[in-house]
Every structure is written in structure tokens, then in C-alpha cells.
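To start, the structure itself, in C-alpha cells.
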Amino acid sequence: MIVYDAVQTPLGPVYVAVDDIGVCKVAIDSRDWQEYIGSTGCQRDSARCDFAIRQLKEYFLRQRRRFDVPLSIAGTDFCRRVWEVLSSIPYGEVRTYADIAAAIGQPQACRAVGLANFKNPLPIFIPCHRVVGKNGGLVGYKGARTDFKRYLLQLENALTPENGGEMGIN
């Protein structure tokens with residue numbers, strides 16, 4: 001059975017769904033969340049989601065830089081390879097789509113990496129927000145939520161003049 005809870009952020013709620021294995025869905029967009037909840041019929045259960053919600057709250061308070069929650073993730077082999085590389089990007093750092101493509105041994109697959117980024121069902125836990133365009137600019141994040149990407153990068157002090165901010169913006 002899949003259950004969920006939510007954590008409030010300055011940019012709105014972040015929804016987290018958990019199954020018997022671990023975190024299986026994170027939604028930062030209410031439309032994405034409504035589609036998901038409609039297809040799964042999951043119920044709210046704060047107790048079963050506490051481990052994930054607690055770590056997200058710590059992250060948003062800058063008290064946590066790494067997550068150690070169990071993840072329950074499904075995707076193609078290609079997507080899973082991309083998500084594994086994303087998970088290795090350190091807090092406060094960014095990589096380009098080309099960097100990720102090279103890291104999986106497919107340097108010409110930048111667009112496919114972008115699509116895998118978009119399909120990431122666990123944003124924040126699998127930090128797709130740490131991927132920027134080839135010139136360092138912020139590019140689409142879960143649809144049109146570049147505001148959320150900017151916020152997360154500011155939170156991690158990862159913005160530079162090239163990607164829409166300055167290092168150290170709080």
C-alpha cells in the first residue's frame with residue numbers, strides 16, 4: 001500500500017509517497033501530485049512517511065546535505081543509470097547534461113539525459129535540480145518549476161552568475 005504526506009516549503013507543499021520499500025514518489029507540482037494520487041489512490045499516513053518528511057525538513061533548514069532514506073524507484077535501465085549519477089552530485093555543486101551523459105558513457109546522449117532528468121520520480125532525493133544547461137543556465141525543472149530549482153540551488157549556495165545567481169546567495 002502506498003501512503004503519503006507533505007512538507008511545506010516557501011514555494012508550496014512537497015508531497016512524498018512511500019510504499020513498502022521506501023520513498024516512491026516526490027511531487028513539487030500540484031498537477032503532478034493530483035495525477036499521481038488519482039492513479040494510485042494512496043492515503044495520507046504521516047507516521048509511515050515520517051522518516052522521509054523529517055529528512056526533507058532538515059534539508060530545507062540546511063541541517064542535512066545527504067539523504068539516507070530507502071528509495072523505491074522504477075525506470076528504464078538508461079534512466080536508472082542517469083539517476084545514479086545524479087545521486088552522486090555533491091550538495092552545493094552542479095553538473096551539465098553533457099557531464100551526466102559523459103559519466104554514463106554516452107557523451108552524445110544529452111537530450112536523453114534531459115528526458116531522464118524530467119522523468120525522475122524522486123526530485124530532491126535524487127537531485128536533478130543540480131543539473132544545469134551547457135552554459136550554466138537554469139533550464140526546465142519538472143515542467144516550468146525553474147523557480148523551485150533556483151530556490152533549491154540557492155538553499156545549497158550553488159548559484160553562480162552563469163546560472164542565474166551569485167555564489168553564496170541565501
Side-chain angles (χ1 to χ4, degrees), residues 4-18 23-40 42 44 46 49 52-67 69 71 73 75 79 82-101 103 110-170:
Y4 78 92
D5 200 3
V7 60
Q8 286 298 321
T9 75
L11 296 179
V14 171
Y15 300 93
V16 178
V18 174
V23 179
C24 59
K25 176 71 175 173
V26 173
I28 61 170
D29 180 82
S30 60
R31 284 177 295 192
D32 180 33
W33 180 247
Q34 290 305 316
E35 286 176 22
Y36 181 78
I37 199 169
S39 68
T40 63
C42 59
R44 192 168 207 143
S46 298
C49 296
I53 295 295
R54 185 176 59 250
Q55 287 197 19
L56 280 174
K57 286 179 180 178
E58 292 167 356
Y59 170 80
F60 285 110
L61 291 171
R62 292 187 171 150
Q63 298 170 345
R64 175 173 291 277
R65 292 176 173 234
R66 299 200 71 191
F67 297 102
V69 297
L71 304 179
I73 189 164
C79 285
V82 168
W83 299 335
E84 185 176 329
V85 172
L86 297 180
S87 295
S88 72
I89 303 172
Y91 180 97
E93 294 184 20
V94 295
R95 301 289 185 274
T96 66
Y97 292 95
D99 293 334
I100 305 304
C110 296
R111 287 185 184 194
V113 165
L115 184 57
N117 235 27
F118 180 77
K119 290 181 177 181
N120 174 11
L122 302 175
I124 305 173
F125 289 111
I126 296 177
C128 53
H129 63 277
R130 296 179 187 154
V131 182
V132 297
K134 67 180 174 182
N135 296 323
L138 299 182
V139 291
Y141 179 68
K142 291 298 182 188
R145 291 303 311 262
T146 53
D147 61 329
F148 209 92
K149 182 173 189 166
R150 178 181 308 282
Y151 174 78
L152 295 175
L153 292 174
Q154 286 175 335
L155 181 77
E156 296 182 13
N157 291 322
L159 287 181
T160 66
E162 292 77 28
N163 64 21
E166 294 183 27
M167 190 64 79
I169 289 178
N170 294 322

Say you draw a straight line from [atom1] of [X] to [atom2] of [Y]; how long is it, rounded to the nearest 0.5 Å?
| X | Y | atom1 | atom2 | answer |
| --- | --- | --- | --- | --- |
| Leu86 | Ile126 | CG | CD1 | 7.5 Å |
| Arg66 | Ser87 | CZ | OG | 9.0 Å |
| Leu122 | Phe67 | CG | CZ | 11.0 Å |
| Cys110 | Asn117 | SG | CG | 11.5 Å |
| Ile73 | Lys25 | CD1 | NZ | 10.5 Å |
| Arg64 | Glu58 | CZ | CD | 4.5 Å |

- Message: Applying side-chain contact (heavy atoms from CB on, under 4.5 Å), can you list everything that pairs with Glu35, at least two apart in sequence or on another chain?
- Response: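 For Glu35 there are no side-chain contact (heavy atoms from CB on, under 4.5 Å) partners, ignoring immediate neighbours.
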In the structure I gave you, are the side-chain heavy atoms of [X] and [Y] within less than 4.5 Å of one another anywhere?
| X | Y | value |
| --- | --- | --- |
| Pro121 | Trp83 | yes |
| Leu152 | Arg130 | no |
| Phe60 | Ile124 | yes |
| Leu155 | Tyr59 | yes |
| Phe125 | Leu56 | yes |
| Trp33 | Tyr4 | yes |
| Val18 | Asp5 | no |
| Val82 | Asn120 | no |

- Message: Walk me through whether Arg44 and Ile37 qualify under side-chain contact (heavy atoms from CB on, under 4.5 Å).
- Response: CA-CA 10 Å; Arg44 192 168 207 143; Ile37 199 169; over 6 Å; no
- Message: Under a 4.0 Å threshold between the charged nitrogen and the carboxylate oxygen, would Glu156 count as salt-bridged to Arg65?
- Response: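 Glu156 and Arg65: not salt-bridged.
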- Query: Can you list the residues that meet the ring-ring contact (aromatic ring centres under 6.0 Å, His included) rule with Tyr151, with sequence neighbours excluded?
  - Reply: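 Result, ring-ring contact (aromatic ring centres under 6.0 Å, His included) vs Tyr151: none returned.
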Atom of [X], atom of [Y] and distance for their closest heavy-atom approach:
| X | Y | result |
| --- | --- | --- |
| Cys42 | Tyr36 | SG-CE2, 4.3 Å |
| Ala52 | Val69 | CA-CG1, 4.0 Å |
| Gly12 | Thr9 | O-OG1, 2.5 Å |

- Task: Please confirm whether the backbone N or O of Val131 pairs with a side-chain atom of Lys149, one donor and one acceptor, at under 3.5 Å?
- Result: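 Flag set: sc Lys149 to bb Val131 pair under 3.5 Å.
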- Message: Using only atom types and a distance under 3.5 Å, with no angle test, would you say the side chain of Asp99 pairs donor to acceptor with the backbone of Thr96?
- Response: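 A pair under 3.5 Å: yes.
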- Neighbour count above 12 (heavy atom, 6.0 Å) for Glu93 CD: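 More than 12 within 6.0 Å, yes.
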